[in-house]
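Below is one structure; the comments refer to it alone.
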Amino acid sequence: MDDSGKKDAGRDFIRRTVEEHNRTGKFGSKVHTRFPPEPNGYLHIGHAKAISLDFGIAHEYGGLCNLRFDDTNPERENPEYVESIKEDVRWLGYDWGEREYYASDYFEQLYEFALDLIRKGVAYVDSMTPDQIREYRGTPTEPGTNSPYRDRSVGENLDLFERMRAGEFEEGEHVLRAKIDMAHPNINMRDPTMYRIRKVSHHRTGDRWCIYPTYDWAHGQSDSIEGITHSLCTIEFENHRPLYDWFLDQLEVHHPQQIEFAPLNITYTVLSKRKLAELVREGYVDGWGDPRMPTIAGMRRRGYPPEAIRDFLERVGVSKTESVLDIEMLEFCVREVLNRSAERRMVVLDPVKLVIENYPEGQEETFEAENNPEDESAGTRSMPFTRELYIERGDFMEDPPKKFFRLAPGREVRLKHAYYVTCTDVIKESDGTVRELRCRYDPESRGGGTADGRKVKGTLHWVSAHHAVPIEVRTLGHLFTVDRPDRIGEEEDWRDYINPESRQTNRRAPAEPAVGHLRPGERVQFLRHGYFCASDEASDSGLPVFNRTVSLKDTWAKMRQKGKA
RNA sequence: UGGGACGUAGGCAAGUGGUUAAGCCACCGGGUUUUGAUCCCGGCAUGCGCAGGUUCGAAUCCUGCCGUCCCAGCCA
């Protein structure tokens with residue numbers, strides 16, 4: 001790819017490294033990456049960062065990116081997760097072609113590699129218990145101790161390892177370990193485990209194996225086998241790089257370059273698979289694809305466009321500093337895409353009836369409303385207008401402050417695309433709540449403007465009461481009440497900070513007729529409220545469900561909050 | 001007296017010894033507007049974790065210190 005138009009400034013350290021390799025011909029100027037998820041959960045926005053880097057960099061430099069499932073732990077992995085991962089990567093807009101691989105495809109090769117290391121005298125079968133192994137490992141500040149089994153002969157190791165594979169031993173009886181250095185300052189180098197016995201069947205290899213390679217043993221070699229040039233991963237694996245390098249050097253095989261970057265964190269949510277799984281398991285959300293979840297599936301259901309997620313990731317950039325992104329930045333990217341692409345519709349979330357006293361009973365006319373002011377080609381739709389309408393309860397105040405320019409007794413406002421109306425009377429319930437607003441309209445203002453050019457400050461959305469289509473609207477907020485729920489200490493329970501109001505449901509909101517034609521997955525802007533996505537979820541009442549993707553910016557609400565109005 | 005990494009604005013992030021330290025989000029002003037949306041204009045680090053040093057010149061080089069993160073799974 002031609003990057004000459006891009007100046008060097010702004011290019012991140014990974015791309016610079018890749019370019020340096022291309023310049024020196026380190027990998028024959030080839031670039032081949034891979035995205036290596038473990039199929040033990042759904043993908044989230046943090047994975048999307050890795051995906052956009054892995055696929056993005058490969059594409060930019062004319063290379064390829066593989067999708068490889070690192071399925072070395074049969075106890076936690078299953079096909080449902082591999083399917084969801086494939087769907088999510090595809091939805092994000094990336095294509096791995098025919099290159100769908102599995103670490104489990106390499107089990108035989110990995111076994112041969114292990115035999116090789118045993119023969120070289122740098123791997124041995126250890127027969128200590130897990131507890132003993134832990135004790136012998138030492139601590140970060142104290143060196144470990146050699147296992148009494150460390151000096152078994154090559155012949156004995158070969159025999160034992162083959163019998164481990166044959167199933168002659170029980171789980172925990174033996175493990176295969178690399179023989180490196182029990183006093184190494186990097187704990188990962190203190191004879192790490194390569195194989196453990198697990199008598200469970202694997203989602204792809206079934207019962208063919210009862211010994212499974214650890215991630216540390218399988219990962220680097222899998223990259224090598226696939227001819228990966230640049231193994232991008234998060235900084236938590238920086239400490240493991242010396243081990244991966246050691247394995248590759250001992251084996252004398254193709255040696256990819258691992259490059260670590262900082263993982264993504266976002267305010268008001270958690271991004272650890274363990275916690276996400278807990279939210280699902282304990283019923284705080286309705287599954288991995290709940291629209292409040294930061295999973296790809298959740299964001300899809302919530303209405304986040306994939307291009308907005310990609311744009312967000314590009315803006316964030318990549319570095320090695322521990323970073324926490326304001327959720328506002330993601331929301332900005334979502335609004336930007338939706339503003340230019342989502343059609344407008346009118347829905348009243350908290351309705352109050354408005355009756356136009358001088359509008360003939362039984363009369364009906366239709367107005368053509370633009371579908372998207374940002375895109376003329378989106379055309380128009382018809383909106384029926386009648387004497388009785390619904391408007392937003394919050395758009396009326398009996399005793400308004402100065403800067404409130406919506407409806408109030410004696411005030412004139414514009415009903416978007418329709419007429420100017422002036423409030424003449426307020427009818428209340430016995431408890432004082434407003435039941436109905438009486439207005440008069442100006443026939444001269446048809447279409448929403450008058451020849452005299454008089455100023456009308458407020459413009460309200462409305463729905464004809466007779467034509468209203470009821471829908472269920474779910475207003476989604478942050479999943480947590482604090483900006484850094486991932487930072488809750490051990491003494492506290494992070495679940496105490498789950499936002500009990502993260503989903504607020506309006507079970508029967510009147511919508512204009514055109515809303516009735518929306519199909520699940522379609523994204524629209526409900527005027528003056530926000531962007532919403534028609535959901536495939538079912539409501540109790542059988543009404544169509546709309547999830548709020550993100551609200552519109554609300555300067556008025558902000559002014560009120562700060563007490564300026 | 002363990003090892004590895006990282007500190008530039010409220011949040012990200014360019015900057016790789018040489019004019020007034022990019023840009024984005026947020027925030028604060030102002031203009032336009034039939035969405036208090038969008039859009040447009042302007043503001044927002046005499047300062048780069050701190051302290052010394054080298055240099056004509058330092059966010060960039062050196063020394064020391066401080067802070068944060070990761071590592072003691074037969075998880076990934």
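Reminder, nothing fancy here: chain letters follow the sequence lines and each chain counts from 1.
Pairing partner, B:rC75: none, since no Watson-Crick or wobble contact has both distances short of 3.5 Å. Under the Watson-Crick or G-U wobble criterion, with both distances below 3.5 Å, B:rC50 is paired with B:rG64. Look at B:rA59: it lacks any Watson-Crick or wobble partner with both distances under 3.5 angstrom. Summarising the base pairing, B:rC44 is matched to no nucleotide, lacking a Watson-Crick or G-U wobble pair whose two defining distances lie under 3.5 Å.
Look at CG on A:Asn73: it is 5 Å from P on B:rA76, rounded to the nearest Å. Residue A:Met189 contributes atom CE, which lies 13 Å from atom C1' of B:rG4 at whole-angstrom precision. Between the CZ atom of A:Phe261 and the P atom of B:rA5 there is a distance of 18 Å, given to the nearest Å. A:Arg137 places its CZ atom 15 Å from the C1' atom of B:rG3, with the value rounded to the nearest Å. The interatomic distance linking A:Met559 (CE) with B:rG30 (P) rounds to 10 Å, in whole Å. Whole-Å rounding puts the A:Ile235 CD1 to B:rG3 P distance at 19 Å. One atom, NE2 of A:His240, and another, P of B:rC71, lie 8 Å apart when rounded to the nearest Å. Straight-line distance from the CZ atom of A:Arg315 to the P atom of B:rC25: 6 Å, rounded to whole Å.
Between A:Lys457 and the phosphate of B:rU33, there is no side-chain N or O to OP1/OP2 separation shorter than 4.0 Å. OP1 or OP2 of B:rC75 sits under 4.0 Å from a side-chain N or O of A:Arg196. Listed pair A:Lys562 / B:rC28 meets the phosphate criterion, a side-chain N or O lying under 4.0 Å from OP1 or OP2. The side chain of A:Thr72 contributes no N or O atom lying less than 4.0 Å from OP1 or OP2 of B:rC75. Contact annotation: A:Thr321 does not reach the phosphate of B:rG7 (side-chain N/O to OP1 or OP2, under 4.0 Å). Contact between the side-chain N/O atoms of A:Thr141 and the OP1/OP2 oxygens of B:rU1 is not found at any separation under 4.0 Å. For A:Arg134, a side-chain nitrogen or oxygen approaches OP1 or OP2 of B:rG73 to under 4.0 Å. Contact annotation: A:Arg16 side-chain N/O to B:rG15 OP1/OP2 distance is under 4.0 Å. Note on A:Arg484: every side-chain N or O is 4.0 Å or more away from OP1 and OP2 of B:rG10.
A:Val456 comes within contact range of no nucleotide atom at all, as no heavy-atom separation falls under 4.0 Å. Heavy atoms of A:Glu142 sit nowhere under 4.0 angstrom from any nucleic acid atom. Contact annotation for A:Glu236: base contact, defined as any heavy-atom pair under 4.0 Å involving a base atom. Looking at heavy-atom distances under 4.0 Å, A:Pro36 makes no contact with the nucleic acid at all.
By the 6.0 Å and 45° rule, A:Arg414 does not stack over the aromatic ring of A:Tyr419. Under a cutoff of 6.0 Å and an axis angle of 45°, A:Lys416 and A:Trp462 do not form a cation-pi pair. The cationic atom of A:Arg165 (NZ for Lys, CZ for Arg) lies less than 6.0 Å from the six-membered ring centre of A:Tyr111 and within 45° of the ring axis.
In the set B:rA5, B:rG3, B:rC25, B:rA5 carries the atom at the smallest distance from any side-chain atom of A:Lys320. Checking B:rU38, B:rG36, B:rC12 against the side-chain heavy atoms of A:Arg406 singles out B:rG36 as nearest. Comparing B:rC70, B:rA72, B:rG36 by their nearest atom to the side chain of A:Trp556 picks out B:rG36. Comparing B:rU35, B:rA72, B:rC74 by their nearest atom to the side chain of A:Ile133 picks out B:rC74.
Ion pairing of A:Asp105 with A:Arg68 is absent here, as no side-chain N (NZ or NE/NH1/NH2) approaches a carboxylate O to less than 4.0 Å. Taking a cutoff of 4.0 Å between a charged side-chain nitrogen and a carboxylate oxygen, A:Asp395 and A:Arg393 do not qualify as a salt bridge. Ionic pairing of A:Glu343 and A:Arg345 is present here: one or more N-O contacts between side-chain nitrogen and carboxylate oxygen are shorter than 4.0 angstrom.
Under the stacking criterion of a centre-to-centre distance below 5.5 angstrom and an interplanar angle below 30°, A:Tyr215 is not stacked against the six-membered ring of B:rA76.
The P atoms of B:rG49 and B:rU60 are separated by 8 Å, rounded to the nearest whole Å. Nucleotides B:rU46 and B:rA21 are separated by 10 Å at their P atoms, to the nearest Å. Comparing B:rC71 with B:rA37, their C1' atoms sit 49 Å apart, to the nearest whole Å.
In plain terms, the two heavy atoms of A:Lys403 and A:Trp556 that are nearest each other are O-CZ3, 3.7 Å.
A syn orientation is assigned to B:rG73, its glycosidic angle lying within 90° of 0.
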Are A:Phe237 and A:Tyr215 close enough, and set up right, to give a ring pair (Phe, Tyr, Trp, His ring centres under 6.0 Å), and what steps lead you there? CA-CA 11 Å; A:Phe237 293 105; A:Tyr215 173 85; 5.5 Å; yes
